[in-house]
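All remarks here apply to the structure that follows.
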Amino acid sequence: MSSVNASLSQTDNSWLAAYATWRDNPDVYCKTMLPEAFPLPWSPFHRDVFSAYLSPLRLVEILAPRGTGKTVTTIHGLGTHSVLFDPACTNRGNIVIVAKTDDEAVDRTDAIRRELETNDRIKSFFGTMKGNGNWGKEKFDISNPALRIQCRVGGRGVGSALRGVLAGTSRVSKMFLDDLTKKQEAEDPEIGRQHLQWLLREALPTLDPRWGRAFMLATMVGPYSLATLVSKLPEWYVKFYSIID
């Protein structure tokens, strides 16, 4: 009987060690749980993304050219990691994905839902995440009593009303903003003004004042893109990578 208990104890210790490693090292988590999404070696850009994500910085913007994997890093990587490991999200948290349009935001949100529902690596380690609440493309409620995970994930397009995301749950724990400006809009100062006003007056005020955080990974597509305008705000931590980098 003692040998059985020892074996179970070793299993528990291995589980806890793996959990702690992935919690503290999102790069290792991505390579282990999402190898198809992250087949290449990490670049300095990705290292900076993970470093900012693990830091206490509240407002983060990282700018990089197209083709650097911003969306997959934001959604598949940081999005699923937040659901599984961030205490601000796992304990009745609220994650909001913002994209150029409602349709794109729904696609990004559904990518997280499908990863949690169908990824065999995640399921074998964490079990099922599907609760009895919402489980749709644009909004879903995660529930895993064994791991004490209860979290909502929803998507919105830039400029959309966000007051509804608070219904029945906590204020926003994490807001991921993924390439918010269409190229043809980036030359229009009025559209830029409207988007910035929406961000400052509608979106950011939904963040939980204690631990709510916003992450923007974007490309500067023009002088009036939201990414360009945000890069000039002193309260944001901004890191810029040129196409040469």
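Sequential numbering from 1 along the given sequence is applied to the chain's residues.
Counting only residues at least two apart or on different chains, the ring pair (Phe, Tyr, Trp, His ring centres under 6.0 Å) pairs with a member in residues 49-74 are Trp42-Phe50, Tyr53-His81, Tyr53-Phe215. Counting only residues at least two apart or on different chains, the side-chain hydrogen bond (donor to acceptor under 3.5 Å, both in side chains) pairs with a member in residues 226-238 are Ser225-Thr228. The list of side-chain hydrogen bond (donor to acceptor under 3.5 Å, both in side chains) pairs with a residue in residues 212-224, not counting sequence neighbours, reads Lys70-Thr219. Residue pairs meeting the salt bridge (Lys or Arg N to Asp or Glu O under 4.0 Å) criterion with at least one member in residues 25-35, sequence neighbours excluded, are Asp27-Arg47. The ring pair (Phe, Tyr, Trp, His ring centres under 6.0 Å) contacts involving residues 90-112 comprise nothing, where partners must be two or more places apart or lie in separate chains.
Between Gln194 and Gln197 the shortest side-chain heavy-atom distance does not fall below 4.5 Å. A heavy-atom distance below 4.5 Å is not found between the side chains of Thr90 and Gln150. Put simply, the side chain of Ser82 reaches to within 4.5 Å of the side chain of Ile95, judged on heavy atoms. Counting heavy atoms from C-beta on, the side chains of Arg113 and Met129 never come closer than 4.5 Å. In this structure, His195 and Thr181 have side chains that are in contact, with non-hydrogen atoms separated by less than 4.5 Å. Considering only heavy atoms from C-beta on, Val230 comes within 4.5 Å of Met216 through its side chain. At least one side-chain heavy atom of Val221 sits under 4.5 Å from a side-chain heavy atom of Arg66.
Between Met175 and Thr206, the closest heavy-atom pair is CE-OG1, 3.5 Å. Heavy-atom minimum distance, Thr109 versus Phe140: O-CE2, 3.4 Å. Of all the heavy atoms in Leu54 and Pro26, the pair that sits closest is CD1-CD, 3.7 Å. Taking every heavy atom of both residues into account, Leu84 and Ile149 meet most closely at O-CD1, 4.0 Å. The two residues Cys30 and Gly77 come nearest to each other via the heavy atoms SG-CA, 3.7 Å. The two residues Ser173 and Gly93 make their nearest non-hydrogen contact at OG-CA, 3.4 Å.
Under the rule for a side-chain hydrogen bond (donor to acceptor under 3.5 Å, both in side chains), Asp188 has no partner lying at least two apart in sequence or in another chain. Under the side-chain hydrogen bond (donor to acceptor under 3.5 Å, both in side chains) criterion, Thr71 pairs with Asp178, not counting sequence neighbours. Checked against side chain to side chain contact (heavy atoms under 4.5 Å, CB included), Ser160 has the following partners two or more places apart in sequence or in another chain: Asp102, Arg156. Partners of Thr68 under the side-chain hydrogen bond (donor to acceptor under 3.5 Å, both in side chains) rule, at least two apart in sequence or in another chain, do not exist in this structure. Legend: residues meeting side chain to side chain contact (heavy atoms under 4.5 Å, CB included) with Leu200, ordered by chain and number and at least two apart, are Leu196, Leu204, Leu233. Applying the side chain to side chain contact (heavy atoms under 4.5 Å, CB included) rule to Arg58 yields the partners Leu207; only residues at least two apart in sequence or on another chain are considered. For the side-chain hydrogen bond (donor to acceptor under 3.5 Å, both in side chains) test, residues two or more places apart in sequence or in another chain that qualify with Thr80 are Tyr29.
Expressed to the nearest 0.5 Å, how far NE2 of His46 lies from CG of Leu40 amounts to 8.5 Å. We find the OG1-CD1 distance between Thr128 and Ile122 to be 12.0 Å, quoted to the nearest 0.5 Å. The line from CG of Leu63 to NZ of Lys239 is 11.5 Å long, rounded to the nearest 0.5 Å. Here NZ of Lys174 is found 12.5 Å from CG of Asp208. Values are rounded to the nearest 0.5 Å. In this structure, the separation between CG on Asn144 and CZ on Phe126 is 9.0 Å, given to the nearest 0.5 Å.
The same ILVMFWY cluster, assembled from side-chain heavy atoms under 4.5 Å apart, contains both Val83 and Val72. Tracing side-chain contacts under 4.5 Å through hydrophobic residues (I, L, V, M, F, W, Y), one reaches Met33 starting from Ile112; they form part of the same cluster. One hydrophobic cluster, built from ILVMFWY side chains closer than 4.5 Å, holds both Phe125 and Leu16. Cluster annotation: Leu57 and Leu78 are assigned to the same hydrophobic cluster (Ile/Leu/Val/Met/Phe/Trp/Tyr, side-chain heavy-atom contacts under 4.5 Å, transitive). Taking hydrophobic clusters as Ile, Leu, Val, Met, Phe, Trp and Tyr residues chained together by side-chain heavy-atom distances below 4.5 Å, Val106 does not share a cluster with Leu116.
Using a distance-only test at 3.5 Å, with no hydrogens or angles considered, no donor-acceptor pair links the side chain of Arg152 to the main chain of Val96. With hydrogens and angles disregarded, a donor-acceptor distance shorter than 3.5 Å links the side chain of Asn25 to the backbone of Thr21.
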Item checked: Stepwise ring pair (Phe, Tyr, Trp, His ring centres under 6.0 Å) check, Tyr19 with Phe85 -> CA-CA 9 Å; Tyr19 181 92; Phe85 298 103; 5.0 Å; yes
Next item on the list: List the steps, then state whether side chain to side chain contact (heavy atoms under 4.5 Å, CB included) holds for Trp135 with Ile142.
Entry: CA-CA 8 Å; Trp135 198 255; Ile142 299 153; 4.3 Å; yes
Item checked: salt bridge (charged side-chain N to carboxylate O under 4.0 Å, His left out) evaluation trace for Glu117 with Arg114 -> CA-CA 5 Å; Glu117 184 177 36; Arg114 285 184 283 107; over 6 Å; no
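Annotation: Lys137, atom NZ; neighbour count of heavy atoms from other residues, nucleotides and ligands within 6.0 Å does not exceed 12. Surrounding CD of Glu138 are at most 12 heavy atoms belonging to other residues, nucleotides or ligands under 6.0 Å away. More than 12 non-hydrogen atoms from other residues, nucleotides or ligands lie less than 6.0 angstrom from NZ of Lys100.
Among Leu199, Leu217, Val158, the single residue meeting the side-chain contact (heavy atoms from CB on, under 4.5 Å) criterion with Leu177 is Leu199.
The pair Glu187-Lys182 does not meet the salt-bridge criterion, since no charged nitrogen lies less than 4.0 angstrom from a carboxylate oxygen.
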